[in-house]
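After the C-alpha cells below, expect a handful of questions from me.
Quick caveat: nothing in here was measured; it's all calculated off a predicted structure.
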Amino acid sequence: MGTEALDSTAPPRVSMVMPVHNGARWLAEAIASVLAQDFGDFELILVDDASRDASPAIMAEAAARDPRVRLLRLDTNVGLPAALNHGFAAARGELHSWTSDDNLLRPQMLARLVAELDAQPGADIVHADFILIDDAGREIGHSRVGPVERLLHGNNVGACFLYRARVTEVLGGYDTALFGVEDYDFWLRAARRFTFATLHEDLYLYRKHGGSLTSQRAEHIQALTAEIVERAMPDALPVRSRSEILLGLALRSQHRWRFDLVRRAFRADPAHVAARLPAIARWSLVVARNRIAA
C-alpha cells in the first residue's frame, strides 16, 4: 500500500469509499456529487488504485479543498474488490457505502438512507432505486430494486446502498477473486446473515457506457455469476426455484453455450425446462450467431 492523507477530526457517521483507476473522465463530477450531499457527516475515502491518467491530480485537488476527503494511494493496481477492502480498512464511520468514479449520487441520497436505517434499528442494509444514464448523462432507464427474497435470481440490491460497519466486519469485505461480481457475492453472503430494508426512491445515477467493467468483461462476469449463485443456493431450495435460477443463468449467456446449466436445471425440474424449450432454442441461435460474428 502507498501513502494516505489523514485528518484528525472526530469520526464521521458515514464512510463513503470511491475506488479509482484511470477514471478521470467523470471523476470530478462523481466527487462533486458526494460533496454536495444534504447529509454532511461523512468522509469520502478516495482510493487511487495506481492511476496513470489525470485522476491523481483531480483527487488531490478535492482533498485539498474539502477536509472530509481522504486520499489513499496504492502503489500497484490491485483491482476493484481489493481497492474497496483497502478503503474500508481505513474507514472510521459506523455506516458504510461505496460508489464508482463514473456514477452520481442524488443530493438527498445519504440523508434518506441514513434516516431509513435510523428508523429501522433491526435492519443492517438499506438499498434504493436508481436511474440509468448514458455517456452524456441522459436518462435511459429506471431500476427498481428488490425484493431481496429474489436475490438468487439476479443482483436486485443494485448500486445505491448503505450498511452498518458490522456487515463489512462479519463478511470480511469483498472477495478479491471475484472481480466483476464482488458486489453480488457480497450481497449473497450478507443475505444469509443480515436484514435488508428497501427504499423505492430514485437516489442514484448509474452510468452505462462501453468502457464500463460490466461491458468489457460481460461473458467472464456471467460465468462468475453462475458460480457464486450455485454456491449460494441452499440445499432446501424448492426444485422449481432451483431449475428457474439455473436456466435463467444459462439464458443470460450470449456468447457461450451453457448446456451444463440447462442439464442441471432439467435434473432439478424436467417439466419446467420442457416448458421453456422455445426460449432455449432462441438462446441457442443467438449464441451461434454471436460466435460466428466473433
Practice task
For residues Glu29 and Leu104, determine if any side-chain heavy atom of one lies less than 4.5 Å from a side-chain heavy atom of the other.
Solution key: yes

Exercise for the section: For Ser243 and Ala268, indicate whether the former's side chain and the latter's backbone hold a donor-acceptor pair under 3.5 Å. Expected result: no

Exercise for the section: Would you indicate whether Phe266, at its atom CZ, is surrounded by more than 12 heavy atoms from other residues, nucleotides or ligands within a distance under 6.0 Å? Expected result: no

Problem - Atom CZ of Arg240: over 12 foreign heavy atoms under 6.0 Å - result: yes

Practice task
Compare all side-chain heavy atoms of Trp98 with those of Tyr174 and state whether any distance is below 4.5 angstrom.
Solution key: yes

Handout entry: Residue list, ring-ring contact (aromatic ring centres under 6.0 Å, His included) with Tyr204, at least two apart or on another chain
Key = none

Practice task
Supply the atom-to-atom distance Thr76 OG1 to Asp49 CG, rounded to the nearest 0.5 angstrom.
Solution key: 7.5 Å

Distance-only check: which donor-acceptor pairs under 3.5 Å involve side-chain atoms of residues 123-133, not counting sequence neighbours?
residue: Asp124; atom: OD1; partner: Arg166; partner atom: NE; Å: 3.2
residue: Asp124; atom: OD1; partner: Arg166; partner atom: NH2; Å: 2.7
residue: Asp124; atom: OD2; partner: Thr195; partner atom: N; Å: 2.9
residue: His127; atom: ND1; partner: Val157; partner atom: O; Å: 2.9
residue: His127; atom: NE2; partner: Thr198; partner atom: OG1; Å: 2.9
residue: Asp129; atom: OD1; partner: Val145; partner atom: N; Å: 2.9
residue: Asp129; atom: OD1; partner: His200; partner atom: ND1; Å: 3.1
residue: Asp129; atom: OD2; partner: His200; partner atom: ND1; Å: 3.3

Exercise for the section: Report yes or no: does Asn77 contribute a side-chain atom to a donor-acceptor pair with the main-chain N or O of Ala50 at less than 3.5 Å? Expected result: no

Handout entry: Heavy-atom donor-acceptor pair, Asp41 side chain to Pro12 backbone, under 3.5 Å
Key = no

Exercise for the section: Please report the C-alpha distance between Cys160 and Leu199 in whole Å, then the side-chain angles of each, then the deciding distance to 0.1 Å, and finally whether the side chain to side chain contact (heavy atoms under 4.5 Å, CB included) criterion is met. Expected result: CA-CA 10 Å; Cys160 178; Leu199 193 59; over 6 Å; no

Handout entry: Any donor-acceptor N/O pair, Glu182 side chain to Gly180 backbone, under 3.5 Å
Key = yes

Problem - Side-chain ion pair, Glu94 and Arg164, N-O less than 4.0 Å - result: no

For a quick test of your reading: what N or O donor-acceptor pairs under 3.5 Å do the side chains of residues 283-294 make, sequence neighbours left out?
residue: Trp283; atom: NE1; partner: Ala250; partner atom: O; Å: 3.1
residue: Trp283; atom: NE1; partner: Ser253; partner atom: O; Å: 2.7
residue: Ser284; atom: OG; partner: Ile280; partner atom: O; Å: 3.0
residue: Asn290; atom: ND2; partner: Gln254; partner atom: O; Å: 2.6
residue: Asn290; atom: ND2; partner: Val286; partner atom: O; Å: 3.4
residue: Arg291; atom: NH1; partner: His255; partner atom: O; Å: 3.4

Cut-off 3.5 Å, no hydrogens considered: what does the side-chain donor-acceptor table look like for residues 227-239, sequence neighbours left out?
residue: Glu230; atom: OE1; partner: Arg264; partner atom: NE; Å: 2.9
residue: Glu230; atom: OE2; partner: Arg264; partner atom: NH2; Å: 2.8
residue: Arg231; atom: NH2; partner: Asp185; partner atom: OD1; Å: 3.4

Handout entry: Taking every non-hydrogen atom, the tightest pair across Arg189 and Leu171
Key = NH1-O, 2.8 Å

Fill in the blank from the handout: Minimal heavy-atom distance between Ala159 and Tyr206, with the atoms involved, is CB-CD1, 3.8 Å

Handout entry: Within-4.5 Å side-chain heavy-atom neighbours: Leu188 and Leu151
Key = yes

Problem - Heavy-atom closest pair, residues Phe42 and Gln37 - result: CE2-CB, 4.1 Å

Completion exercise
Residue pairs passing the ring-ring contact (aromatic ring centres under 6.0 Å, His included) test with at least one member in residues 13-34, sequence neighbours excluded, are Trp26-His209

Problem - Donor-acceptor contact present, side-chain Asp53 to main-chain Ala24, <3.5 Å - result: yes

Exercise for the section: Looking only at non-hydrogen atoms, find the nearest pair between Gly93 and Ala165 and report the distance. Expected result: O-CB, 3.9 Å

Exercise for the section: Applying salt bridge (Lys or Arg N to Asp or Glu O under 4.0 Å) between Glu43 and each of Arg13, Arg68, Arg70, report the one that passes. Expected result: Arg70

Handout entry: Whether Tyr163 and Phe88 hold their rings parallel, tilted or perpendicular, with breakpoints at 30° and 60°
Key = tilted

Handout entry: Rounded distance [0.5 Å steps], CG in Leu84 versus OG1 in Thr176
Key = 11.0 Å

Completion exercise
Residues at least two apart in sequence or cross-chain that pass salt bridge (charged side-chain N to carboxylate O under 4.0 Å, His left out) with Asp202, listed by chain then number, are Arg106

Exercise for the section: Side-chain contact test, heavy atoms from C-beta onward, threshold under 4.5 Å: evaluate it for Phe186 versus Val167 and give yes or no. Expected result: yes

Exercise for the section: Write down the atom of Leu105, the atom of Met16, and the distance for their closest heavy-atom approach. Expected result: CD2-CE, 3.8 Å

Exercise for the section: Taking the side chain as every heavy atom from C-beta outward, state whether Pro278 and Arg282 have any pair of such atoms under 4.5 Å apart. Expected result: yes

Practice task
Mind checking the OG-CG spacing from Ser33 to Leu205? Nearest 0.5 Å is all I need.
Solution key: 8.0 Å

Exercise for the section: Examine Leu247 and Ile245 and state if one hydrophobic cluster contains both, with Ile, Leu, Val, Met, Phe, Trp and Tyr joined whenever side-chain heavy atoms are less than 4.5 Å apart. Expected result: no

Completion exercise
To the nearest 0.5 Å, atom OG1 of Thr99 lies from atom CE of Met109 at 6.5 Å

Handout entry: Student check: side-chain heavy atoms of Ser51 and Val20 closer than 4.5 Å
Key = yes

Handout entry: Main-chain N/O of Pro11 paired to Arg92 side chain as donor or acceptor, under 3.5 Å
Key = no

Practice task
Locate the shortest heavy-atom distance separating Arg252 from His153; write the atom from each residue and the value.
Solution key: NH2-O, 2.8 Å

Handout entry: CG on Asn22 to CG on Leu27, rounded to 0.5 Å
Key = 11.0 Å

Problem - ILVMFWY network linking Leu246 to Trp257, side-chain heavy atoms under 4.5 angstrom - result: no

Problem - N/O donor-acceptor pair under 3.5 Å between Arg258 side chain and Leu251 backbone - result: no

Handout entry: Atom pair CG (Leu249) and CD (Glu244), whose distance is rounded to the nearest 0.5 Å
Key = 12.0 Å

Handout entry: Side-chain heavy-atom pair Ser100, Leu80 within 4.5 angstrom cut-off
Key = no

